[in-house]
Protein chains: 2
Amino acid sequence: MELTLERCEVECLHPQHVGPLIGRVISSGDAEEVVTTFDLLADPTRARILHALSLADELCVCDLAWLLGLSQSGLSHQLRLLRERRAVERRRAGRIVYYRLRDCHIRRLVRDALRHAREPRPRAREAV
Amino acid sequence: MELTLERCEVECLHPQHVGPLIGRVISSGDAEEVVTTFDLLADPTRARILHALSLADELCVCDLAWLLGLSQSGLSHQLRLLRERRAVERRRAGRIVYYRLRDCHIRRLVRDALRHAREPRPRAREAV
DNA sequence: ACGATACATGAGCGATGGTTCATACATGGA
DNA sequence: TCCATGTATGAACCATCGCTCATGTATCGT
């Protein structure tokens, strides 16, 4: 029994494998949520910004730029993006603006990111 | 005491905050590792592919395409990228090719991704 | 051997994203 | 009030990315 061609132009070959999965793969909404979250760390500049902020309580823009070797303008663009995605928040003191990680959710994400990056993979077969 | 202008064109304002962080922010190598890992899930198509594979032992290309509503060609491109980044591996049976998650490291990453996406954030301030 | 099927890949295209440059805005010091 | 400093933002540019289309390759059935 072939399942009907409703999803795309190909047929389903193993309905007994696919049947139980229908409706269980993440929805578009959840997929977007995953993408938004993981995109925070899918850029080397953002990864280093978030990591630096995870090591300190808060840092001002020019200190962050200095520490990471970034231009002030480039850093400000990324900080705006991180603010919009609710990963960081800012506090103004005169003309100095301090940034910090927004909550423990982001802090844990950064920690997990480092752990994933550094832990050895299980020994894997070479073929790709 | 101002730290010297070696990193970029701006000065460092708070050397007492920045000093302890020098050398502790992730290196370029680690940052690239984080990016490679998190980029796997920073795309809705890849996120759904990996999630579908996490729900089944293995799936063939046309079943995956059918289940996710993707074109065979687009899916194959993404599978090649996932193979190259050692997230999935494949097994050929005649002209059918089955894909599966490569190891428990990827499986845990996908599980964590879903948990991150679905758990409520701490109640956050509105201002961005 | 030939045709069908499953899958892979390259080229092309449009969209997206990151950085630089220039400039604007907010604040503080003289 | 004026100038300096810290920060933010828009425009432009260039590189990258994801998908479609067309086609190639491997395998199976007749």
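Chain identifiers are assigned alphabetically (A, B, ...) following the order of the sequence lines, protein sequences preceding nucleic acid strands; residue numbering begins at 1 within each chain. Heavy atoms only: backbone and side chains are in, while hydrogens, waters and symmetry mates are out. Keep in mind that what you see is a predicted model, and the values were worked out from it rather than measured.
- Between B:L68 atom CG and D:dG18 atom C1' there is a gap of 16 Å when expressed in whole angstrom units.
- Looking at heavy atoms from C-beta onward, A:F38 lies in side-chain contact with B:L109 at the 4.5 angstrom threshold.
- At the phosphate of D:dT9, neither OP1 nor OP2 sits under 4.0 Å from any side-chain N or O atom of A:S76.
- Judged purely by atom type and a 3.5 angstrom limit, B:D103 uses its side chain to pair as donor or acceptor with the backbone of B:I106.
- Using a distance-only test at 3.5 Å, with no hydrogens or angles considered, a donor-acceptor pair links the side chain of A:R107 to the main chain of A:S54.
- Between the CG atom of B:L81 and the P atom of D:dT16 there is a distance of 14 Å, rounded to whole Å.
- The distance from atom CG of A:L70 to atom C1' of D:dT7 is 15 Å, rounded to the nearest whole Å.
- Base engagement by A:G74 is indicated by at least one non-hydrogen atom pair under 4.0 Å involving a base atom.
- At least one side-chain heavy atom of A:P44 sits less than 4.5 Å from a side-chain heavy atom of B:E32.
- Proximity of A:Y98 to the phosphate of D:dG6: no side-chain N or O atom is located under 4.0 Å from OP1 or OP2.
- Here the two rings, on B:Y98 and A:H14, have centers that are under 6.0 Å apart.
- Counting to the nearest Å, the P atom of D:dC19 and the NE2 atom of B:H77 are 10 Å from each other.
- DNA chain C is contacted by both A:D39 and A:A93; A:D39 maps to the nucleotide lying nearer its 5′ end (nearest heavy atom per residue).
- Computed from coordinates, the A:Q78 CD to D:dG10 C1' distance equals 16 Å when rounded to whole Å.
- The distance from atom CG of B:L82 to atom P of D:dC19 is 11 Å, rounded to the nearest whole Å.
- Nucleotide D:dA8 holds its P atom 11 Å from the CD1 atom of A:I96, rounded to whole Å.
- With a cutoff of under 4.0 Å to any heavy atom of chain A, the contacted region of DNA chain C is bounded 5' to 3' by C:dA6 to C:dG28.
- Remark: P of D:dG18 and CG of B:L79 are 13 Å apart, rounded to the nearest angstrom.
- One N or O on the side chain of A:R46 and one on the backbone of A:D39 form a donor-acceptor pair closer than 3.5 Å.
- A:S73 contributes no side-chain N or O that forms a donor-acceptor pair with the base of D:dT7 under 3.5 Å.
- Side-chain atoms of A:E33 and A:T37 form no donor-acceptor pair, as typed in the model, at a separation below 3.5 Å.
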